[in-house]
Structures are given as C-alpha cells and as structure tokens.
Amino acid sequence: MYALVDCNNFYASCQRVFEPRIRRLPVVVLSNNDGCIIARSNEAKDLGIKMGDLPFKMLDFLTANNVQIFSSNYTLYGDMSARVMQVIAAAAPKYEVYSIDEAFIDLQGVAINELEAFAKRLKRNILQATGLPVSVGIAPTKTLAKLANRWAKKHPETDGIHVLGTDQKVSVALQQTMVGDVWGIGRQYEQMLNRHNITTALQLSLTSESWIRKSMSVVGLRLVKELKGQSCILLEEMQPPKQNICTSRSFPEIITEKEDVRKWVMTHMASCAEKLRRQNSCASAIHVFLQTNPFRMQDKQYYRSITIPLLTPANNTPELLFYAGKALNAIYRPGYNYKKAGAMVLDLVPACERQGSLFDSVDRLRAEKLMNCIDSTNAIFGRNIVRYASQGYGERWQLRQARKSPSYTTRWQDVIKIQI
DNA sequence: TCTGGGGTCCTAGGACCC
DNA sequence: TCTGGGGTCCTAGGACCC
C-alpha cells in the first residue's frame, strides 16, 4: 500500500502558522509580482475565490470579506516543507518527496489493520511539529492514493484520512470521481474521454486497454492499470538531478529599453548558474527568451527565443552571462513593449563528468574557486549581495511584493551564520 | 505482382504535474 | 496599471548511418 500525504492549502496554511489571529479568516496568497491568486484557505474557497483570480479586480470584495492577502514567500514555504518532510522521514523508511507539499510513502511492513492508526499518528505529529494540517490517502497504487487523498479532503467526516483498503471502497471512490480529477488526466484527455462517454474514473478503469494504449500512449495505459490496482508507478526515493533549469519572471512594469531587458536576462541567467552549481551540474547549452504582453491587444506582439550550444559544459556565472548577452543581442528587437524574459540552461550533465574540449581556453579551476567564494558569501549575507554588474541593482529590479510576510523560520538562521 | 532492412539521433509538439 | 513560474515524459517525423 501507498500513502499520499498532502498539506492542506499549503501556502495559505504556512502564513497562518505564524499569525494565529488569521486562523479563522479567509487567506489568499499571490503569485510573483502580486499578479494573481495562487493559493486559498478553505474560507477563501467558500467565498467563491478561484485559482488565478486577479486581486486588483476584486479588491472591494476582498476587503469587504476581510480576506487576508499575502505576497508569496517561497523562503518560508521551502523551509516549512523541509520540516514536514523531516517528520515523514522519521515515520517511514521509504518515502518520496513528490512536490513542495506532498510526499508518497511506501507502507510495506504496516499491517492492513494498522494503516488508519499510522495515518492518524503521522497527521498528528506533523501538526504538532509544524502547525500544518495534512490529509492522508492510502491505497494499493500511487494513483489510487491520490484519489483517496482527494476523497479525504472532500469529505470532512473522514477527518482528513481515507484508506481504500477493500475492492468495494476502491470502486465506490472510482465511481464518485470525475475522470478529469484523476491524477494524469488533464483538460485535453478529459474532453477526449468525455466525447467517448467516459466521465467517471470507474468507466475509465473499465475501458479496453488496447484502445487506451492507442489513444493515450503508454502513459495512459499505466494510469488505467493503476486504477485497477496494479502498481506501475514506482516510488522514487532519490530525486534525479534536473535535466533543465529555468528562471523567468514577468517584469513589474513594461520595458522598452534593451539595457533594461538585459539586466533581467542577466539576473535570470545568474540565478540559473547558482541553481546549476547547487545540484553539481553543468549545462551543455543555454536558452534565452523574451516576450511582449499577450494580454495587451493594443500592443504589437513579439516572442522570440534562441538556444546556444556551449563548446564545453559550464556552470560558472561569467561564462553563462557572456552567452546570455550574445543570445539577447540575437533576439532583441527595438520598438516593442516587453513584459517577460527568461533564461534556461539545458542538457545538464554532472559536473564531474563534463566532457572537455581541445580548444577550451577558460581556466576552470580558477573559475570554480571564485564561484565557491561568491556562493558562500551570498549564502551568509543574502541572495545577490555579491553579483555581476550586468545584473544591475536598485529598486527597479525588484519584484512587486507589497504584502510579503517575514521569513519567520529562516531569519534567525541568517543571524547565527553571520555571527559564525 | 510488387517495395531492403536494419538502426540512431534530434527536434517539435503535445500531453501532463505542482 | 494590474493576468505565475517552474518542471517531466512521450511520440512522430525527418535526417542520417551501414
């Protein structure tokens, strides 16, 4: 059996932990640049607030209902997530961190009649250690565990825990789950299946496997087998290193000048380089893109991107910035209102397996020492305290985050590090 | 009555997830 | 004025090899 542990309304719940006075008030968390709503407490959901709603369009409604609004604070969420995972690690020998707020657990070794008690204990321990409420779904496959978790969230009488321990319970859950709510069925597949009169998870599980294979590829076939209780998606205890890394943001305001765009591209590429070094990888190619605001119908639209292969895989910032600059020169065109830019590093390889080049002229050992020095300095004094001049500086390069809370759990660590 | 038969690598596009 | 930011996997088709 597998368990899926999922934090309820994770970002909103994180904000609540540190402000008890909002514990019973509706809470929403905003995306980068405070653009749209990406997390809601149950009270906010009950008010009819949707994912992706635009706060500026409904400010009156939000204030009238005393909705508490927060800019996103990923430092806080990341740290709270790590604490939840620690509790899970202490409770289970085999688990998989699936996302910032979810983990699968392999329950081999827990007796069938002990599953419910195990889940209750875990839920209580997580709440006690972090203040965060979670839901637990338990079932014979990961896909069914997802379904069970959803059931637990939808049915308050379960108290956040649901075990699909018998065929009977599985088929009831399947029958009452819409096919579009199944893990792995997105909007396109939902429409396609509905056209074939498949509307529930149960109907999907009873569909001919050869037809599924033909119209939904092996991914769909795995999914259907999982619904039937045949485990096809294994637990991944080790997170494989990323194959691509991307950093991109919408600008807080429209930008027309190339040098202003450049500062953002450089900042994003520097961030990619940092993430690369953190996972001990090198990039074989870089990619840069920029675009106008597609929502502004009155503007001339432009989107362009470019990929530049590197002679030798690299992860040092100045080298990647050099190529990012060349990339921007190739794709930038004057006369547009730019809204967004991004940098990516592609085809990542482990730093220790990097293929050298006969014609490489970079002193890589020296570069590595410099990067180590910059990374550790920034780790102590804060992100981007030491940075390249081409990244720019000053208020104009900050995101809009008008309602950001303190990073409650990490600030004291910063202080300790500085003292050391 | 008739088509050669293997392969690999790369890219674009489409689907999905949080 | 204002519309998020990351990722993965799979398939088909084209270009190439012997």
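Keep in mind the model is a prediction, meaning the values are calculated, not measured. Throughout, protein chains are lettered first and strands after them, A, B, ... in sequence-line order, and every chain is numbered starting at 1. We use all heavy atoms of the structure for the numbers below, so side chains are in, but hydrogens, waters and symmetry mates are not.
Residues A:Tyr11 and A:Phe70 keep their aromatic ring centres 6.0 Å or farther apart. Taking the ring centroids of A:Trp264 and A:Phe289, they lie at or beyond the 6.0 Å cut-off.
The residue A:Lys242 sits close only to the backbone: its heavy atoms come under 4.0 Å of sugar-phosphate atoms, none of a base. A:Asp101 comes within 4.0 angstrom of the backbone, heavy atoms only, and of no base. A:Ile245 comes within 4.0 angstrom of sugar-phosphate atoms only, judged by non-hydrogen atoms across all strands, and of no base. Contacts of A:Leu30 with the nucleic acid, taken as non-hydrogen atoms under 4.0 Å apart, are absent. At a threshold of 4.0 angstrom between heavy atoms, the contacts of A:Ser72 with the nucleic acid are absent.
Using cut-offs of 30° and 60° on the angle between ring planes, the pair A:His162 and A:Trp151 is parallel.
Side chains of A:Ser99 and A:Asp101: a donor on one and an acceptor on the other come within 3.5 Å. For A:Thr409 and A:Asp79, the side-chain atoms include at least one donor-acceptor pair closer than 3.5 Å.
For the C1' atom pair drawn from B:dG4 and C:dC17, the interatomic distance equals 15 Å after rounding to whole Å.
Sequence order on DNA chain C of the closest nucleotides to A:Arg213 and A:Leu54 puts A:Leu54 first from the 5' end. The residue among A:Asn293 and A:Ser217 whose nearest nucleotide of DNA chain C lies closer to the 5′ end is A:Asn293.
Nucleotide B:dC18 forms a Watson-Crick or G-U wobble pair with C:dG5, both donor-acceptor distances falling under 3.5 Å.
Close approach of DNA chain B to chain A, defined as any atom under 4.0 Å from a non-hydrogen atom of the protein, starts and stops at B:dA15 to B:dC18.
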(request) Could you give me the CA-CA distance, side-chain angles and deciding distance for A:Glu368 and A:Arg277, then say whether salt bridge (charged side-chain N to carboxylate O under 4.0 Å, His left out) is met? (result) CA-CA 10 Å; A:Glu368 195 181 317; A:Arg277 293 192 293 271; over 6 Å; no
